[in-house]
Amino acid sequence: MKNIKTFFGVIFLLTIINLSIFPQVPLSNNMPASGVLGATDFVTNTNYASPSTTTLAEPFCVAVDPTTGKLFVADRDNRRVMRWSSANALINGSPAEVVFGQPDFVTRTANTGGISAATMNNPNSVYVDANGTLWVADRDNHRILRFDNASTKLSGANADGVLGQPNFTSNTAGTTASLLSAPTSVFVDGNGILWVCDKDNNRVLRFNNASGKPNGSNADGVLGQTDFTSSTGGTTAAMFDAPWGVYVDVTGKLWVADRYNSRVLRFDNAASLANGSPANGVLGQTDFVTSTSGLTQSKFDGPRGTFMDGLGRLYVGDEGNSRVIVFNDAASKPNGGDADYVLGQPDFVTTGGVTSQTGVNYPSTVFVDNANNHIWIPDTYSHRLLRYDVAPLPVELTSFAAVSQNQQVNLNWSTATELNNSGFEIQRSISNSEFVAVGFVKGVGTTTIQQDYSFSDKNLSVGKYSYRLKQIDFNGQFEYSDEIEVDVVSLDNYSLLQNYPNPFNPTTKIGYILKDRSNVKVVVMNSLGEEVTVLVNELQDQGLHELDFNASNLSSGIYFYSIQTSGFNETKKMLLMK
C-alpha cells in the first residue's frame, strides 16, 4: 500500500491488487489437450457400444454445473447423460458417478431410446444454468427435459419438467409455439431465458423464465421464422437452414451455428427482438445470402456448436473440417472475418480426423468453463472428451483509493479485466472492529475493458476507518482486496491529530486541521519541555495538513508535539522506541 501526502482535507491512498492469480497457459494453435475422459490415453479410439462408467459412444455436448463444478456429458448414441464429480472430471479415464436416461451404466436402450420422464432418445445438448438446473435437448423425442438440482440426483432419476411436449409420454413433432421438431441445442442466459435450436423447424425459440414454466408451455419468441407455424429454411439474414448450436454472451448477443448454411449468425440484444428479426452479423460467409462451405481461416463446413470465453473469444465446432476455430473479440469482427486460432488441426487449411493429443475427429460442440479455465471438446468419433487448460481471465483490481473530506469517504477503484463478476460488496471497519457491509456496487460481468467504480460512505463520525472490497462472482465465489485506512476528521474546528504510527522508529506522521487560514507553528519538545525541532512556522491555508517527522538523531523516550495559532493551542504525547 502506498500512502500519498494529503492537502486541504483530502486523504488519498493507492494500492494495486491482483484478486486472482493462476498459472498462465495461453491459448495457441493446435495446442495439446490436458486431459481425456472416455479413454485412458490420447491415442485410443474405440466405439464403446457396450456402455460402462468410463466409456463413451458418441459424446456430443458438455456442460459444467456452476454451483458444484460437476461435469455433464450427452452420450447420444448410448441414449444417456453422464455426470462426473468435479474431481474425477480432471483425471484421465476416470469413472462417471451418475447416469440419466438409463437406469444404470451398463444398460443401453434400443436404437429408438425411450419415451418417459427417465429415458431419452438421442440427447444432443446439455446445459446447466446458474441455479444448478440441467436442461437436455432430447432431439428424437422432440422435447427439452429439465432436471432440478441435477448435481444431487441419482442414476435413472426422472426429469422434473418438459417443454416441446405436453407430457413425458408424448413425442410428436410439430410446428407450433409449444411443439418442437428435433431440437439440437439449449442455452440459458443470465436472465433465466432458455434458448432452443429447433433444427427441423429452422428456428430458434425463446422461453422466458423457463424454469417456472409448466410442462408444454408456449415459447415467447422466435427467430428464423416470422411466426410459430412456419418452418421454411433459407439463406437470408432472417432465416436458418438447420440451426444447430446456440449461445448468448454476457452482453445479450445471440450466436447461432447455422449448419447447412455453413455460418454463424449474430443477433444483438436478442431478448428484445421481434419475431423474425434479421441477424446483425455473420461469420463463415461474407454476406447473408451465401452458403458455401470451405476450409480456410474464415470458412466452415457444417458448424454445430458455439461458445465464448471470458475474453470474448468465440469458439465454433467446425465439425466437417474436424476442428474448433476461435475468433478473438468476435463481436467486433466484420462479416466473414478470419479466425485467430485453430484447435484439432496444425493450421487452417488441413482437415481429417486424427485421434491424438492435438488432433480431433469430428468435434461437434465446445464448452468453456470460464470459472475453472477449461475448454471441453466432445471428440465425437474418437469417442472421448478432451479438456484443455488455458490461461484465465481474473478480476484484476488495478487501483483502490479512499478520499476523506469532512464527514464523508469516497472510494474509487478500477479493474483491468473481469470474469463472471457479479459485483463488489463494500465493507467497513471502525477502529479495528469487525468488518461490516455498507454497500454493493454491481460489476459488469465479463470484460477486458477497464472499468471504473465509486462508492460514497456518508455521515460518518470522526475517527479512523478501514475499507476493503469483497469481489463476488455469479456463482458465489469471492475474493477480498487489501485493506486501506483513512482518517475521518471535521474541518469545522481546529484540531491536532495523534501521530501515527505511535510508538514509532524513527519516522512518524503528525497531522492537524486548520479551521481558517492561519499563522501556525508546530514544534517537537523533549520530556523536559525543551524545544527539539520546529516542523513548521508559516502562514497556511485552511484544511488538513500532514507532516513527516524523522527522529533518527534522537534517543528513545517520550516526546511532545504542539501546535500554536492565534486562536488555538494543543499538545500531544508520542513515544520513540529504537
Side-chain angles (χ1 to χ4, degrees), residues 1-15 400-411 428-433 457 459-467 482-578:
M1 182 183 296
K2 183 178 180 182
N3 294 311
I4 307 300
K5 200 162 187 177
T6 62
F7 300 93
F8 309 114
V10 177
I11 296 178
F12 183 80
L13 303 96
L14 175 66
T15 183
F400 183 24
V403 177
S404 172
Q405 193 164 17
N406 223 349
Q407 269 69 60
Q408 177 173 312
V409 171
N410 297 317
L411 299 173
R428 178 185 68 201
S429 170
I430 305 174
S431 300
N432 296 317
S433 62
D457 197 11
N459 302 316
L460 300 173
S461 301
V462 173
K464 186 177 291 291
Y465 292 78
S466 296
Y467 291 90
D482 286 349
E483 300 170 15
I484 56 176
E485 289 186 350
V486 61
D487 283 314
V488 174
V489 295
S490 173
L491 301 184
D492 295 333
N493 295 291
Y494 289 95
S495 179
L496 179 63
L497 306 179
Q498 184 63 52
N499 69 301
Y500 69 94
N502 188 40
F504 66 99
N505 178 27
T507 60
T508 189
K509 292 182 180 295
I510 296 172
Y512 54 93
I513 297 168
L514 301 179
K515 179 182 178 181
D516 302 299
R517 182 176 171 85
S518 307
N519 284 301
V520 60
K521 183 178 182 179
V522 179
V523 299
V524 176
M525 299 167 288
N526 61 23
S527 61
L528 300 176
E530 299 171 335
E531 187 176 290
V532 173
T533 186
V534 177
L535 296 178
V536 66
N537 188 9
E538 63 185 16
L539 179 66
Q540 291 188 331
D541 289 327
Q542 176 269 348
L544 173 68
H545 299 261
E546 191 172 64
L547 304 172
D548 291 315
F549 173 51
N550 190 323
S552 59
N553 63 335
L554 299 177
S555 301
S556 297
I558 295 174
Y559 291 84
F560 297 90
Y561 60 99
S562 68
I563 183 171
Q564 303 169 20
T565 72
S566 60
F568 175 74
N569 296 280
E570 188 174 358
T571 300
K572 287 185 179 293
K573 183 172 64 175
M574 58 185 174
L575 178 62
L576 172 61
M577 294 181 64
K578 290 189 173 180

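Looking at every heavy atom in both residues, T565 comes nearest to Y494 through OG1-CE2, 4.3 Å.
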Validation: residues 520-539 side-chain donor-acceptor distances under 3.5 Å, sequence neighbours left out:
| from | atom 1 | to | atom 2 | distance (Å) |
| --- | --- | --- | --- | --- |
| N526 | OD1 | L528 | N | 2.9 |
| N526 | OD1 | G529 | N | 3.2 |
| N526 | OD1 | E530 | N | 2.9 |
| N526 | ND2 | E530 | OE1 | 2.8 |
| E538 | OE2 | Q540 | NE2 | 3.2 |

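Put simply, CG on L497 and CD on E546 are 8.5 Å apart, with the number rounded to the nearest 0.5 Å. Between the NZ atom of K509 and the CG atom of N502 there is a distance of 14.5 Å, given to the nearest 0.5 Å. To the nearest 0.5 Å, atom OH of residue Y559 and atom CZ of residue F549 are 7.5 Å apart. Summarising the geometry, atom NZ belonging to K464 is positioned 8.5 Å from atom OG belonging to S431; distances are rounded to the nearest 0.5 Å. Note: K572 NZ to N499 CG = 9.5 Å, rounded to the nearest 0.5 Å.
Side-chain N or O atoms of E570 include none that pairs as donor or acceptor with a backbone N or O of Q564 at under 3.5 Å. Between the side chain of T571 and the backbone N or O of S562 there is no donor-acceptor pair closer than 3.5 Å. Between the N493 side chain and the K515 main chain, no donor and acceptor come within less than 3.5 Å of each other. Side-chain N or O atoms of N505 include none that pairs as donor or acceptor with a backbone N or O of T507 at under 3.5 Å. Put simply, the side chain of S518 gets close to the backbone of D516: a donor and an acceptor are under 3.5 Å apart. Y465 contributes no side-chain N or O that, together with a main-chain N or O of V409, makes up a donor-acceptor pair within less than 3.5 Å.
V486 is not listed as a side-chain neighbour of L411, based on a closest heavy-atom distance of 4.5 Å or more. Between F504 and L576 the shortest side-chain heavy-atom distance falls below 4.5 Å.
Other residues, nucleotides and ligands contribute over 12 non-hydrogen atoms within 6.0 Å of the CG atom of N553. Within a 6.0 Å radius of CG in L575, other residues, nucleotides and ligands contribute more than 12 heavy atoms. Atom NZ of K573 has 12 or fewer neighbouring heavy atoms from other residues, nucleotides or ligands inside a 6.0 Å radius.
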message: Walk me through whether E483 and F400 qualify under side-chain contact (heavy atoms from CB on, under 4.5 Å).
response: CA-CA 9 Å; E483 300 170 15; F400 183 24; over 6 Å; no
query: Given Y512 and L547, is the side-chain contact (heavy atoms from CB on, under 4.5 Å) satisfied, shown in steps?
result: CA-CA 9 Å; Y512 54 93; L547 304 172; 3.6 Å; yes
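A side-chain donor from one of D457 and Y467 sits under 3.5 Å from a side-chain acceptor of the other. Side chain to side chain, N550 and S552 meet the donor-acceptor criterion of an N or O pair below 3.5 Å.
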